[in-house]
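Model, not experiment: these values are computed from the prediction.
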Amino acid sequence: MTARPPSGQYPSDEGPGHAPATTGAPTGPAVPATFLPARTPTRTGPATAHRDGSARPGGSADRSAPTTSPEPAGGPRPSRAARVSYGSPPVPRAPRADEERHEEERHEEERHMEDGGAGGPSRVAGRPVAGGGAGPDDAVEDERGVRAAPALGDEDRRRLLAGAHHDPHAVLGAHPVRGGVLFRALRPYARSVTVTATGLRARLRAEGDGLFSGVLPLREVPDYRLLVAYEDAELELHDPYRFLPAIGELDLHLIGEGRHEELWRALGARPMTHQGVAGTRFTVWAPNALGVRLTGDFTYWDGTALPMRSLGGSGVWELFLPGVGEGALYKFEIARPDGGHSLRADPMARRTECPPATASVVHASHHDWGDDAWMAGRAGGRVHELPFSVYEVHLPSWRPGLTYRQLAEQLPAYVKDLGFTHVELMPVAEHPFGGSWGYQVTGFYAPTARLGTPDDFKHLVDALHRAGIGVIVDWVPAHFPKDAWALAEFDGRPLYEPSDPLRAAHPDWGTLEFDYGRTEVRNFLVANAVYWCEEFHVDGLRVDAVASMLYLDYSREPGQWTPNAHGGRENLDAVAFLQEMNATVYRRCPGVVTIAEESTAWDGVTRATHHVGPSGFGGLGFGLKWNMGWMHDSLAYLAHEPVHRAYHHHEMTFSMVYAYSENYVLPISHDEVVHGKRALVSKMPGDWWQRRATHRAYLGFMWAHPGKQLLFMGQEFAQGAEWSEAHGPDWWLLDPSYSAEPDHRGVRDLVRDLNQAYAATPALWQRDTDPEGFSWVEGDAREDNVFAFLRYDAEGSPLLAISNFSPVVRHEYRVGTPEAVPVWREVLNTDDRRYGGGGVVNAEPLKAEPTGWHGRPASVLPVLPPLGTVWLRPA
């Protein structure tokens, strides 16, 4: 991973890197039809409240959230008529004739009830109501039979209105009291609130500040609703404060223990039916908050009416909101310990608005998976002993403008045609700044809305699986941005980050590091790794910036870091987290592979967690590790003119000194073709022909070298320019009308043939982690710039790879071979004319001669093309 622009460099609603909010949409009705208002309110008018808090009494500004929201991706937002208002008043307008008739009928019914009606349970003025009994003789009643409720205490009232009440359900809703049932509702801007149930209709008394209350002479709490009247509209809805908690004790216990492996099922927004009513359960972990209120488009971004309750010592706040469903936008309004307020996106949101908008979106998946055969086969596979050739992709720029579903029509076919076994997707989790390439994540549980919905992303993964392509996703648990609407000081104090500012601040990227020593934070990340593997069927996680997690002094000067308990520089909490993450993923998700981007000599990155190494640590438990040393050394060798390469010969051979210390991937990744490093073909010296020839020879050497392969998009057809996330690969180079198109198409044809030959040759992958699967033939021909080695499969069948990194043809270059192979044939030559080479090939089989060479009993005399690699196999 390269250095990235610091978080917060641009406000979330402007600045470079932001894609227009034109894809991915809330879908489906937000509310059952029974909860629709009689008159459709609009969001205009003097009392409209915006999500930045600017028109909300007691609200706080959220400068990173726009006051108006662009149309979400994938279609228009649900109509306002499909939402329930929980706080803001509608705008007056002239009633229609049918509405006037309905209003008159309602008033007539009320007058009938006040006059006593026909008797029975429908009477409320001091008479039996819904089976209830009369209260004490000294009870004060109003003209409707609703007695005044005991006054709400000043402290409760203050905290409730300030959004700082830990248990609003204790003062709101319905509660049995002496002489009946006390009802209290908080409905700002409402003109009246009426309790309705079978045989019951009673208007509550106004207490001021949007509070309405009253005591009805009932023996038990009925199944009631609230009829809330505004200036010129009425809304009938369930009272959120009559519901029990919709999260179980086991969930809370596991959260407290930091062992909830399906955390996304317990926290966040979850549409559900609770106590027979459809709605959404909202839960958030904010242990330092004085109070939490829910706000969203269903409250016109005024959270006054929806305070959440604290569920004891778990730090979890909860509210079940009837009538709100998929597609609703929401945030949490946090009352901070310092008395301030902040508006926060949901850390567990499974869907978000399209940046630069920052709200979370209520989501439930409806994708029907069609990859059963792939998933069954994956569970029984062993990645280390299988072909593993990876095409790295930045989805937003691979084909700019395509959505997940459009990519599903093109990417699987392209990757399959080139013969790659896997794609690796640069981070797809939501991020506010596009220029970070996804490496500054704010929505760890939500695929970016720039390209569509979570189900759209599942569709892409499904399509890749059905094409036989595995999916690896870049995962970023090393740091997170400082954006004020996201994780930073989430509940008013350091929560996801360490409390020590020096320890929290990442020195390179202007971001914050995670507090791996906190059980809930570790749980948040471990569950997130499981989430991507289980919910989205991804086949691997490439973990970004592992080195920055492992060392306390990473990019820090003396005095800027504190040693661990043993006086060392290892981050023991990060070690424990990585071990737990890997162990959990491998236990729950058979066949998934985890891959570490780790650039140091840390011992045991891919060793089992229970095997203690010389350093005293158990292994980190990764399946594979990026071989950054091989990448740097080999590219440094090739950057020299051929005449100087003799002095750097060891840079190409040194990798075999440690090749079996870990399970390696050989990465030519995005990091190597940006920020002035030049594209792969442009790193090579010489003229255009020599550059392309060296590029092809290097790929042939790479595919034959022990380890798995990874190639970044655009390098498969020798793009000469650096990659830019703004426009992606230079696909125009493959346009037949371009004069140099054959040069680029030839390199792509070579990549296809490399992958096909690789997949068909077990010697190249079956024993990648076994030293007996490799043997040098010629590793010291520095004056010739030649390297030759043998690869063996499990049965001992060999492949002979020879690379000539000098620009001269080497005729009858004797190479030692095993005695058991009498005849060899060329199966690949990077100088073939089909690839744009000069055609110096070994067209005829090569007979082994009984002349010992390179310490072997036999030898062959192939012609070595200039700047070329050849592969030979037994004929």
Side-chain angles (χ1 to χ4, degrees), residues 1-2 16-17 19 389-404 406-428 434-439 448 450-451 460 463-464 467 469 471-474 542 631 635 667-684 688 691-692 695-696 698-699 702 709-755 835-836:
M1 185 183 74
T2 58
S389 177
V390 183
Y391 183 61
E392 187 185 21
V393 177
H394 179 253
L395 283 179
S397 69
W398 185 74
R399 294 280 192 182
L402 297 189
T403 65
Y404 292 128
Q406 291 167 334
L407 285 163
E409 298 174 1
Q410 299 188 30
L411 183 61
Y414 184 81
V415 175
K416 186 177 181 65
D417 175 66
L418 290 183
F420 288 97
T421 65
H422 291 72
V423 294
E424 180 177 312
L425 308 179
M426 291 168 67
V428 296
S436 75
W437 312 333
Y439 289 99
T448 179
R450 292 171 174 86
L451 306 182
L460 172 59
L464 286 161
I469 308 298
V471 179
I472 301 165
V473 169
D474 274 16
R542 178 268 196 182
M631 179 270 297
L635 291 180
I668 300 299
S669 72
H670 64 277
D671 275 338
E672 308 316 314
V673 296
V674 292
H675 298 328
K677 296 180 182 178
R678 297 175 292 176
L680 182 58
V681 72
S682 298
K683 298 176 188 288
M684 313 304 176
W688 176 234
R691 288 182 175 185
R692 284 187 295 119
H695 180 99
R696 295 193 306 267
Y698 180 64
L699 293 178
M702 173 182 173
Q709 296 80 36
L710 179 141
L711 189 66
F712 183 60
M713 64 184 193
Q715 313 316 301
E716 78 275 15
F717 57 84
Q719 172 178 317
E722 286 190 343
W723 168 67
S724 167
E725 80 279 357
H727 58 73
D730 291 336
W731 296 109
W732 58 270
L733 296 172
L734 297 171
D735 189 330
S737 65
Y738 176 54
S739 60
E741 180 267 345
D743 297 342
H744 299 279
R745 175 171 42 81
V747 175
R748 189 171 66 171
D749 290 343
L750 169 65
V751 170
R752 179 187 298 108
D753 289 353
L754 280 169
N755 277 325
Y835 310 138

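- Note that CD of E741 is 9.5 Å distant from CG of L733, once rounded to the nearest 0.5 Å.
- In this structure, the side chain of K416 does not engage the main chain of I469 through any donor-acceptor pair within 3.5 Å.
- The shortest non-hydrogen separation linking V751 to E716 is CG2-O, 3.7 Å.
- Within the 3.5 Å criterion, the main-chain N or O of S389 finds a donor-acceptor partner in the side chain of T421.
- Taking Y835 as the reference, nothing meets the ring pair (Phe, Tyr, Trp, His ring centres under 6.0 Å) condition, with sequence neighbours excluded.
- The CG atom of L710 lies 10.0 Å from the NE2 atom of H670; values are rounded to the nearest 0.5 Å.
- For M684 against L680, the heavy-atom pair with the smallest separation is CE-O, 3.5 Å.
- In this structure, W398 and W731 approach most closely via the heavy-atom pair O-NE1, 2.8 Å.
- Applying the salt bridge (charged side-chain N to carboxylate O under 4.0 Å, His left out) criterion to R752, with sequence neighbours excluded, gives D417, D749.
- Remark: E424 CD to F712 CZ distance equals 10.5 Å, nearest 0.5 Å.
- Between the CD1 atom in I472 and the CD atom in E392 there is a gap of 10.0 Å [rounded to 0.5 Å].
- In this structure, V428 and V473 approach most closely via the heavy-atom pair CG2-CG1, 4.0 Å.
- The aromatic rings of H744 and W688 sit tilted relative to each other, their planes meeting at an angle between 30° and 60°.
- In plain terms, the two heavy atoms of L418 and N755 that are nearest each other are O-ND2, 2.8 Å.
- To the nearest 0.5 Å, atom CG of residue L395 and atom CG of residue L425 are 4.5 Å apart.
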Next item on the list: Show your working on side chain to side chain contact (heavy atoms under 4.5 Å, CB included) between V681 and Y698 and close with a plain yes or no.
Entry: CA-CA 10 Å; V681 72; Y698 180 64; over 6 Å; no

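- I668 has its side chain within reach of L635: a pair of non-hydrogen atoms, C-beta onward, lies under 4.5 Å apart.
- Not counting sequence neighbours, the partners of S397 by the side-chain contact (heavy atoms from CB on, under 4.5 Å) test are H394, M713, W723.
- No side-chain donor-acceptor contact under 3.5 Å links E672 to the backbone of S669.
- Shortest non-hydrogen contact noted between Y391 and G714 is OH-N, 4.2 Å.
- Remark: the backbone N or O of G720 is paired with a side-chain donor or acceptor of S682 at under 3.5 angstrom.
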Next item on the list: Would you please test F420 and Q709 for side chain to side chain contact (heavy atoms under 4.5 Å, CB included) and show each step?
Entry: CA-CA 9 Å; F420 288 97; Q709 296 80 36; over 6 Å; no

Margin query: For a side chain to side chain contact (heavy atoms under 4.5 Å, CB included) check, start with the C-alpha distance between L711 and L699, then their side-chain angles and the critical distance, and finish with the verdict.
Written below: CA-CA 9 Å; L711 189 66; L699 293 178; 4.1 Å; yes

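- To the nearest 0.5 angstrom, D743 atom CG is 12.0 Å from H695 atom NE2.
- Under the 4.5 Å side-chain criterion, counting only non-hydrogen atoms from C-beta, L411 is not in contact with Y404.
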